Amino acid sequence: MSEALAGRGDALLLVASDARDLEPQASHLRLVYGVQVEIVAADATRPEEFLGKILSASRSFGVIQGLFFPIGASVNGDSGTLAMDETRQLIDANLLSVMAVVGHFLPEMLAADHGHIVGFGSVAAVRGRRTNVIYAAAKRGLTSYFESLRHIAAQSKVRVQLYQLGYVATQQTYGRKLLFQPAHPADIAAVVVQNLDRDIGMRYLPRYWALIARLVSALPWMIFKRMDF
């Protein structure tokens, strides 16, 4: 995502939990694209601290024109019985930190009548099942939140988009046996940048997940409850 945006000439503030993940990428983007790139290490499981660090680091950019949230967290054993601290961390990382950042910058974007807010959900949120219980609930909440954001921004030129992602080729999917081939992050980023100025609302990526989501949603309960996935 950062590569695709830097290729447009955009200045970037990169955020992740560990600065060691950010520094090489920031140096690469500055060298290759000649754009301003700053970094901030912030933990999305602590929404107030997450927002505070972003605000401090963003002061050199002026008005923020885009918010992109390829962000999230999941844990093994998320079967609905996680301890409260783990449950809260999943909700904070997947939902509340996004809400905190958007809630601060949205008024500025609406006042400027320009901006992009792009979120990334998951096909896991299509229908509740016995695995990824808290993660899916947070991502379903994210879907509702972005629907509301789009409605709030409907009379402006602020574009609000949510991409519901299937399998993506990251460290989380590496080496796993998956039902479908994982999408490459660069391909997803290319679609996002291509659609930035379009009022598309929500899209599934890869696109075939839209059909899968419809089929899963339409399954009668007597069939769905027997499925183990």
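Note that the structure is a prediction, hence the values are computed from the model and not measured. The figures that follow rest on heavy atoms only: side chains count, while hydrogens, waters and symmetry mates do not.
Partner of Lys139 under the side chain to side chain contact (heavy atoms under 4.5 Å, CB included) criterion, chosen from Asn132, Asn94, Leu90, Leu165: Asn94. The residue from Val15, Ile117, Leu12, Val118 that alone fulfils the side chain to side chain contact (heavy atoms under 4.5 Å, CB included) condition with Phe68 is Val118. Partner of Phe50 under the side chain to side chain contact (heavy atoms under 4.5 Å, CB included) criterion, out of Val40, Ile71, Leu96: Ile71 alone.
Partners of His28 under the ring pair (Phe, Tyr, Trp, His ring centres under 6.0 Å) rule, at least two apart in sequence or in another chain, do not exist in this structure. Residues that satisfy the side chain to side chain donor-acceptor pair (under 3.5 Å) test with Tyr163, not counting sequence neighbours, are Asn195.
The pair Arg150-Asp199 meets the salt-bridge criterion, with a side-chain N (NZ, NE, NH1 or NH2) lying under 4.0 Å from an Asp/Glu carboxylate O. The pair Arg46-Asp43 meets the salt-bridge criterion, since a charged nitrogen lies less than 4.0 angstrom from a carboxylate oxygen.
For the pair Asp78 (side chain) and Val133 (backbone), a donor-acceptor distance under 3.5 Å is present. Although no hydrogens or angles enter the test, the distance criterion places a donor-acceptor pair under 3.5 Å between the side chain of Gln161 and the main chain of Arg198. Between the side chain of Ser97 and the backbone N or O of Ala93, no donor-acceptor pair lies under 3.5 Å. Remark: side-chain polar atoms of Ser144 are not paired, donor with acceptor, to backbone N or O of Gly141 under 3.5 angstrom. The main-chain N or O of Leu219 is found under 3.5 Å from a side-chain atom of Arg127 such that the two form a donor-acceptor pair. At distances below 3.5 Å, at least one donor-acceptor pair connects side-chain atoms of Arg140 with backbone N or O atoms of Ala125. Checked by atom type and distance alone, the side chain of Ser58 pairs as donor or acceptor with a backbone atom of Leu55 at under 3.5 Å.
Contact annotation: the side chain of Arg130 approaches that of Asp228 to within less than 4.5 Å [non-hydrogen atoms, C-beta and beyond]. Between Met202 and Phe146, every side-chain heavy-atom pair lies at or beyond the 4.5 Å cut-off. Side-chain contact between Leu67 and Val101: present, with at least one pair of heavy atoms (C-beta onward) separated by less than 4.5 Å. Val168 is listed as a side-chain neighbour of Pro185, based on a closest heavy-atom distance under 4.5 Å. Annotation: side chain of Val193 is in contact with side chain of Arg8 (closest heavy-atom distance under 4.5 Å). Looking at heavy atoms from C-beta onward, Leu215 lies in side-chain contact with Leu211 at the 4.5 angstrom threshold. Contact check for Glu108 versus His104: side-chain heavy atoms found under the 4.5 Å cut-off. Side-chain contact between Arg30 and Ser27 is present, with at least one heavy-atom pair separated by less than 4.5 Å.
One finds the CE atom of Met109 at 10.5 Å from the CG atom of Leu149 (value rounded to the nearest 0.5 Å). To the nearest 0.5 Å, the span separating CZ on Phe61 from CD on Glu38 amounts to 5.0 Å. Residue Ile134 holds its CD1 atom at 12.0 Å from CZ of Arg88, rounded to the nearest 0.5 Å. Here the OG1-CD distance, from Thr81 to Glu86, works out to 9.5 Å after rounding to the nearest 0.5 Å. For the atom pair CG (Leu196) and CG (Asp10), the distance works out to 8.0 Å, reported to the nearest 0.5 Å. Taking OH of Tyr204 as the reference point, atom CZ of Arg214 lies at 8.0 Å (rounded to 0.5 Å).
Tyr135 and Val216 are not part of a single hydrophobic cluster, where members link through side-chain heavy atoms under 4.5 Å apart. Leu95 and Ile152 fall within a single hydrophobic cluster, where Ile, Leu, Val, Met, Phe, Trp and Tyr are joined by side-chain heavy atoms under 4.5 Å apart, directly or via other members.
A donor and an acceptor atom, one from each side chain of Ser2 and Gln25, are located under 3.5 Å apart. Looking only at atom types and distance, the side chain of Gln164 has no donor-acceptor partner in the side chain of Ser122 under 3.5 Å away.
Looking at every heavy atom in both residues, Ile188 comes nearest to Ala183 through CD1-CB, 4.0 Å. Of all heavy-atom pairs spanning Ala6 and Leu29, the tightest one is CB-CD2, 3.8 Å. The two atoms that bring Gly103 and Pro107 nearest to each other are O-CD, 3.5 Å, heavy atoms only. Between Arg129 and Ala124, the shortest heavy-atom contact is NH2-CB, 4.1 Å. When every heavy atom of Leu82 is checked against every heavy atom of Gly77, the shortest pair comes out as CD2-O, 3.6 Å. Ile91 and Ala138 make their closest contact through CA-CB, 4.3 Å (heavy atoms, listed as atom of the first residue, atom of the second, distance).
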Verdict with reasoning, Ser217 to Val126, per side chain to side chain contact (heavy atoms under 4.5 Å, CB included) = CA-CA 7 Å; Ser217 297; Val126 170; 3.3 Å; yes
Take Phe120 and Leu205 through the test side chain to side chain contact (heavy atoms under 4.5 Å, CB included) and record every step on the way to the result.
-> CA-CA 10 Å; Phe120 295 88; Leu205 286 181; 5.9 Å; no
Output, in order, the C-alpha distance, side-chain angles, deciding distance and verdict of side chain to side chain contact (heavy atoms under 4.5 Å, CB included) for Thr143 and Leu162.
-> CA-CA 7 Å; Thr143 300; Leu162 180 69; 3.8 Å; yes
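Note on ring orientation: taking the six-membered ring where Trp is involved, the planes of His114 and His116 are perpendicular (angle over 60°, cut-offs 30° and 60°).
Annotation: Asp18, atom CG; neighbour count of heavy atoms from other residues, nucleotides and ligands within 6.0 Å is above 12.
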